[in-house]
Amino acid sequence: MINARNITLDLGGRRVLDGLSFFVERGESVALVGPNGSGKTSVLRCLLGLVPYRGEARIDGYDCAREPIAARARVGYLPQRPCFGDATAEEALRFVAHLRRVEPGRVPEALREVGLECHARDRARTFSGGMQQRLSLAAALLADPKVLLLDEPTASLDRDGQADFLRIASALRRGGRTLLLSSHRAEEIAQLTDRVLELDGGSAGPARPMAPLILLRPGRAAP
Amino acid sequence: MRIRETALVAAREVRQAVRSRWFVLSAASFLVLSLGLSLLGLAGAQRSGLAGFDRTTAGLLNLALLFVPLVTLSLGGLGLAGELEDGSLAVLLAQPVTRTEVYMGKYLGLLGAVASSIFTGFGLAGLAVGALAGGGNAIAFVQLVGLAVLLAAATLAVGTLLSAALGSRAKAVGGAFVAWLALVYGSDLGTIGLATARALTPGQVFALALLNPVEQARVLGTLALTSRPEVLGVVGIFGQDLLGTNGLSLLLAAALIISAAGALGCGWALFRKAVVP
């Protein structure tokens with residue numbers, strides 16, 4: 001479902017990803033782990049076309065650089081810091097619904113699913129971190145995407161918020177979606193993922209080439 | 001570029017602009033100043049015998065030349081940079097929409113919001129003048145409204161270019177202010193300085209003026225009101241001698257459109273390769 005080959009990314013004169021290759025099967029749930037600066041978030045940004053990279057990344061067969069619309073139509077994205085500008089919760093979801101050609105009538109149901117139906121007309125920027133993350137999840141799931149990319153989704157949440165999020169995300173995992181999750185949290189990784197891909201050497205200097213992907217748990221290796 | 005997706009992004013931008021305090025404050029100030037200048041112009045017209053629309057148009061032209069670049073440069077500057085900084089651009093670009101659609105949608109949405117503010121301000125001023133005095137050249141007044149929108153399109157494109165080039169809210173606002181000073185004041189002073197120091201010919205001064213959208217709009221707006229040489233200045237007189245009134249008007253309108261398209265194209269070239277955090 002996700003196939004990355006030889007991805008190389010340079011940002012600000014620094015090599016962040018160096019020839020990275022990996023494969024995530026349909027329905028599989030995989031965690032990207034590694035120290036700060038190892039390039040976890042950058043992998044997700046490459047898949048979304050937010051940064052110019054070399055190499056080839058495909059989602060459901062679509063090239064993320066050459067066919068970005070088709071690739072992104074198959075992806076729901078949950079950023080670390082969700083932001084919806086000045087929009088209300090309902091407006092934010094309606095906008096996503098229009099862009100993804102989803103029936104706008106689905107918006108109230110999506111808000112209900114994440115427990116925000118009473119806050120539909122409130123500005124998203126007034127929400128707590130947990131509420132913003134739930135709204136972001138509703139936006140990511142609105143078009144029922146095949147793939148979910150989650151970037152440290154509980155990093156800014158308190159304990160209750162984390163528990164809430166893990167409950168919802170566990171249900172998603174059981175629903176057969178493909179999940180690629182960047183995370184530091186052992187509990188989140190254990191509960192949500194089948195396999196861990198460790199990125200090492202994001203800060204490697206020229207004398208120490210970036211190590212290839214290491215499989216920490218049994219799973220399918222990159223082809 | 002798909003029209004539907006671009007229109008969706010533009011509509012979102014209009015909603016955001018209408019909720020922005022800076023835009024609301026600017027639009028309200030523009031409305032108050034337009035009405036104030038018109039009413040003051042009418043009071044003066046009764047003493048001097050000038051017709052209502054002529055005097056109002058002259059006053060509002062100066063207001064547009066100062067105010068429209070100030071608002072559009074800062075709005076354009078904040079447009080991309082603000083969303084880059086707060087992370088909402090990453091959320092937007094994660095949707096099935098291209099960078100070109102986002103870039104053009106944001107530009108057109110902001111232009112729509114500014115144009116509405118111009119129509120409201122000048123429209124109410126026009127109604128007030130029409131009701132209280134009438135007379136004079138109402139067509140020049142309508143041309144002034146069109147000219148203000150064209151100037152807004154050019155300076156908003158410059159603001160958008162600054163936003164794409166500088167990438168942070170603080171830098172973009174600073175850049176917008178410097179650009180405003182340069183376009184509204186610096187250009188005139190620089191041209192005078194250059195003309196004096198390097199003994200520029202009128203043709204060279206005319207060519208320099210064609211690089212500045214505010215100067216293009218100033219001469220174009222003045223031509224709509226009068227063709228008297230003492231009002232047009234060296235650029236207008238030279239252009240009028242060279243091309244005639246209609247030819248000069250066409251050239252200046254084309255220069256404004258080219259300024260807008262050029263700045264917009266440069267901004268797009270930067271934005272399509274930009275790293276989105």
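Every chain is numbered from 1 and lettered A, B, ... according to where its sequence line falls, protein lines coming before strand lines. Since this is a predicted model, take the numbers as computed values, not measurements.
Within the 4.5 Å cutoff, the side chain of B/Leu92 has heavy atoms near those of the A/Leu99 side chain.
Around atom CZ of A/Arg74, more than 12 heavy atoms belonging to other residues, nucleotides or ligands sit under 6.0 Å away. Annotation: B/Arg4, atom CZ; neighbour count of heavy atoms from other residues, nucleotides and ligands within 6.0 Å is above 12.
Counting heavy-atom pairs closer than 4.5 Å to chain A, the top-ranked of the candidates B/Val91, B/Leu93, B/Leu89 is B/Leu93.
For a heavy-atom cut-off of 4.5 Å, chain A lies close to no residue in residues 144-183 of chain B. Using non-hydrogen atoms only and a strict 4.5 Å limit, the part of residues 15-31 of chain B facing chain A consists of B/Arg15, B/Gln16, B/Arg19. Along residues 62-88 of chain B, the residues that come nearer than 4.5 angstrom to chain A, judged on non-hydrogen atoms, are B/Glu85, B/Asp86, B/Gly87, B/Ser88 in order of number. By a heavy-atom distance cut of under 4.5 Å, A/Pro52 are the residues of residues 52-67 of chain A near chain B, going up by number.
Neither the backbone nor the side chain of A/Pro68 comes within contact range of chain B, judged by heavy atoms closer than 4.5 Å. With a 4.5 angstrom heavy-atom cutoff, B/Ala11 does not touch chain A via any of its atoms. Using a 4.5 Å cut-off between heavy atoms, A/Leu78 makes no contact with chain B at all. Residue contact with chain B, scored on non-hydrogen atoms closer than 4.5 Å, is absent for A/Arg94. Only the side chain of B/Arg2 comes within less than 4.5 Å of a heavy atom of chain A; its backbone N, CA, C and O stay farther away.
Here the closest non-hydrogen pair linking B/Val275 and A/Arg45 is CG1-NH2, 3.4 Å. The minimum heavy-atom distance between A/Tyr77 and B/Ala94, with the atom names listed, is CD2-CB, 3.5 Å.
The distance from atom CZ of B/Arg12 to atom CG of A/Asp86, rounded to the nearest 0.5 Å, is 10.0 Å. A/Ile69 CD1 to B/Glu101 CD: the interatomic distance, rounded to the nearest 0.5 Å, is 5.0 Å. How far CZ of A/Arg72 is from OG1 of B/Thr98: 8.0 Å, rounded to the nearest 0.5 Å.
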